[in-house]
Amino acid sequence: MINREIADILYEAADILELNEVEWKPRAYRKAARKIEDLNEDISNIYRDRGKKGLEEIPGIGSRIADHIIEYLETGEVGKFEKLKEKSPVKTGELVEIRGLGPKKVKKLVEQLNIKTVSDLREAVEQHQIKNLTGFGEKTEKNILKSIGMFEKSHDRMQLGKAMNLAEDVITYMKEHSDLEKIDYAGSLRRMKETIGDIDMLVIASDPDRTMNTFVSMENVERVESRGVTRSTVILKGGIHVDLRVVPAESYGAAMQYFTGSKDHNIALRDLAISKGYKLSEYGLFGKVSQEKVEGESEQGIYERLGLQYIPPELRENRGEVDIARQNSLPELVTLNDIKGDLHIHTTFSEGSDSLEDVVRAAEDMSYEYIAITDHSRSRRISKGMEIEELKLQWEEIDRISGEYDVKILKGAEVDILKDGSLDYPDEVLGGLDIVVGSVHSGFESAKEEMTERIVAALENKYLNILGHPSGRLIGKREPYNADFDMIFETVADKEKILEINSHPERLDLNDKLILQAKMFGVKFSINTDSHSVPNLDFMRFGVGQARRGWLTKDDVVNTFSYNSLKKMLKA
DNA sequence: GCCGTTTTCGGCCCGACTGTTTTCAGTCG
């Protein structure tokens with residue numbers, strides 16, 4: 001989608017301007033970029049239908065930025081920004097992604113040590129060059145080294161949400177421009193892994209040659225790595241590899257199985273095939289002696305022939321799923337359809353960008369039975385956390401519109417868990433809420449014992465219902481808190497609290513492994529989006545994906561319950 | 001560069017934290 005490209009250009013321009021100590025403009029650009037990211041509609045359609053006026057109606061976009069967008073839509077670049085990039089001494093994008101480095105420090109590094117890339121930076125750190133610069137020191141050097149490690153680890157992979165958008169754009173494009181019988185994504189994307197390396201796609205095509213032409217000439221292709229009749233690889237703008245394979249219909253199931261992986265799962269499956277006198281490949285399941293194909297068209301059929309229950313892609317990590325499928329005892333995993341509501345949503349009352357009523361309307365469109373409005377509590381000034389009076393105004397607003405919609409609205413809040421483990425509103429206020437999500441938003445570097453005690457103390461508060469983003473990690477940016485998660489999960493079970501599975505693509509917290517670990521304690525979960533805008537409500541599917549990777553069933557997840565059962569549970 | 005029933009000019013989320021300093025700059029959320 002072109003929205004993504006334009007947002008990225010504005011972010012980049014903001015970074016460069018900030019380096020040059022231009023004031024306020026960077027903020028304006030970023031605000032506009034954020035709005036464009038959150039748009040429901042393709043921005044080129046807005047321009048086509050309503051012209052410059054339409055663009056200017058988007059908050060944060062005025063006459064100048066609208067002009068830049070129009071220039072980009074018409075020519076594919078923005079002259080002003082191109083010049084800016086030329087004049088800028090440094091590829092900022094990379095360096096400002098390093099945690100601990102902002103524009104000021106980057107500027108110093110560029111000017112004094114001629115550091116332009118992360119690998120330059122690594123070299124300088126290893127030679128202890130930077131600790132001597134004013135403003136830097138021993139600890140900064142150590143922290144930067146740690147951040148470089150995280151950057152490098154995550155850099156060649158992208159977040160699930162971004163990969164999914166790209167894959168779906170490719171599918172839409174290919175369906176529109178080529179005569180296809182079938183097209184699907186496979187690989188780690190189909191397994192809903194939290195980060196994705198390459199995107200793998202399979203098609204059945206009547207005219208493979210034409211299909212490949214369409215694929216390699218898509219508008220967002222930056223480079224064609226290889227172009228064949230059965231397989232092509234392109235690199236999209238932004239550096240993402242997409243692989244397309246043309247597969248005959250009679251092998252489609254086998255190919256989907258093979259290319260979905262994981263590698264370890266496939267090895268386990270091939271072993272099983274051999275033990276049953278078969279050979280399994282991406283072309284099908286063959287009799288070892290007869291060499292005859294016994295299955296290939298259907299993925300389901302392959303599992304059946306091997307004497308297995310169908311194993312959903314999210315479970316294919318060789319974590320015991322093959323044995324359990326053989327015993328016919330795989331859990332019936334929770335699905336997106338089971339979800340009856342979203343219990344962590346922000347609105348304009350705090351840092352959300354859509355109004356309470358817009359959110360409610362969207363939830364109604366999604367046929368949710370209920371939602372919880374959970375804006376930030378007062379300590380969180382940066383996110384416009386609500387003072388008690390504002391919270392009460394929100395309650396009035398909820399009461400006012402409740403009658404007008406079918407969806408039930410729970411009065412909630414995302415309440416900070418303060419340093420000492422207490423919650424950010426007094427009990428009498430918490431008592432007036434239908435649901436309380438408690439989250440840690442500060443002091444991420446605390447020692448293990450301190451963090452564990454803080455969270456356990458919060459869980460002992462009778463008004464807390466859900467522990468929000470329980471590990472606090474940000475994918476590729478921040479490690480989980482140092483805490484004793486066994487003890488936390490045990491307390492959650494003991495106090496009958498709920499663990500959140502935060503669906504935001506940069507969090508996915510709890511992750512699959514911690515979900516599995518927590519499930520052992522018999523706890524309940526809630527899959528929430530932590531939405532900051534209406535389009536964010538769609539993140540739900542990523543959270544459901546992680547829940548499935550953690551082997552959860554409908555019964556494990558409280559927001560599959562009916563409104564009445566949920567209410568009963570929250571009161572108890 | 002954007003925005004306005006507190007403004008068409010003068011504001012723009014701002015407090016906590018860290019590590020550097022020796023009273024504060026830079027970064028984060």
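Residue numbering restarts at 1 for every chain, and letters A, B, ... go by the order of the sequence lines.
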Just checking [X]: base, sugar-phosphate only, or nothing, at a heavy-atom cut-off of under 4.0 Å?
X	value
A:K80	sugar-phosphate
A:K104	sugar-phosphate
A:R30	nothing
A:E351	nothing
A:P103	sugar-phosphate
A:T140	sugar-phosphate
A:S379	nothing

For A:A66 and A:E56, work out which heavy atoms get closest and say how close.
CB-CG, 4.0 Å

Correct closest heavy-atom pair for A:R191 and A:R549 would be O-NH1, 2.9 Å

Does one side chain, of A:K477 or A:S147, offer a donor that lies under 3.5 Å from an acceptor on the other?
no

Side-chain donor-acceptor contact under 3.5 Å, A:Y47 with A:E74:
yes

Check each of A:N511, A:L508, A:D509 against A:I475 using the side-chain contact (heavy atoms from CB on, under 4.5 Å) test, and report the only one that passes.
A:L508

Once you apply the 3.5 Å cut-off to both distances, tell me the Watson-Crick or G-U wobble partner of B:dG10, or none.
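Across any shown strand, B:dG10 pairs with B:dC3.
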
Side chain of [X] only, please: which of [options] is the nearest?
X	options	answer
A:K139	B:dT20, B:dG29, B:dG1	B:dT20
A:I65	B:dC2, B:dG19, B:dG29	B:dC2
A:K105	B:dG1, B:dG26, B:dG29	B:dG26
A:F444	B:dT27, B:dG1, B:dG29	B:dG29
A:K384	B:dT20, B:dG1, B:dC13	B:dC13

Can you tell me how far [atom1] in [N] sits from the matching atom in [M], rounded to whole Å?
N	M	atom1	value
B:dG11	B:dA16	P	24 Å
B:dG1	B:dT5	C1'	24 Å
B:dT23	B:dC17	C1'	16 Å

Which comes earlier along DNA chain B counting from the 5' end, the contact point of A:K419 or that of A:T134, where each point is its nearest nucleotide?
A:K419

Between A:E141 and A:G62, which has a closest nucleotide on DNA chain B that is more 5'?
A:G62

Would A:R478 pass as a cation-pi partner of A:F444, given that its NZ or CZ must be under 6.0 Å from the six-membered ring centre and within 45 degrees of the axis?
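Geometry flag: set, cation within 6.0 Å and 45°.
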
Evaluate the side chain to side chain contact (heavy atoms under 4.5 Å, CB included) criterion for residues A:I515 and A:I501: first the C-alpha distance (whole Å), next the side-chain angles of each, then the deciding distance (0.1 Å), finally the verdict.
CA-CA 8 Å; A:I515 293 169; A:I501 297 173; 3.6 Å; yes

If the condition is salt bridge (charged side-chain N to carboxylate O under 4.0 Å, His left out), which residues does A:E449 pass it with, not counting sequence neighbours?
none

Between the protein and nucleotides 6-12 of chain B, which nitrogen or oxygen pairs are less than 3.5 angstrom apart?
from: B:dC12; atom 1: N4; to: A:W24; atom 2: NE1; distance (Å): 2.9

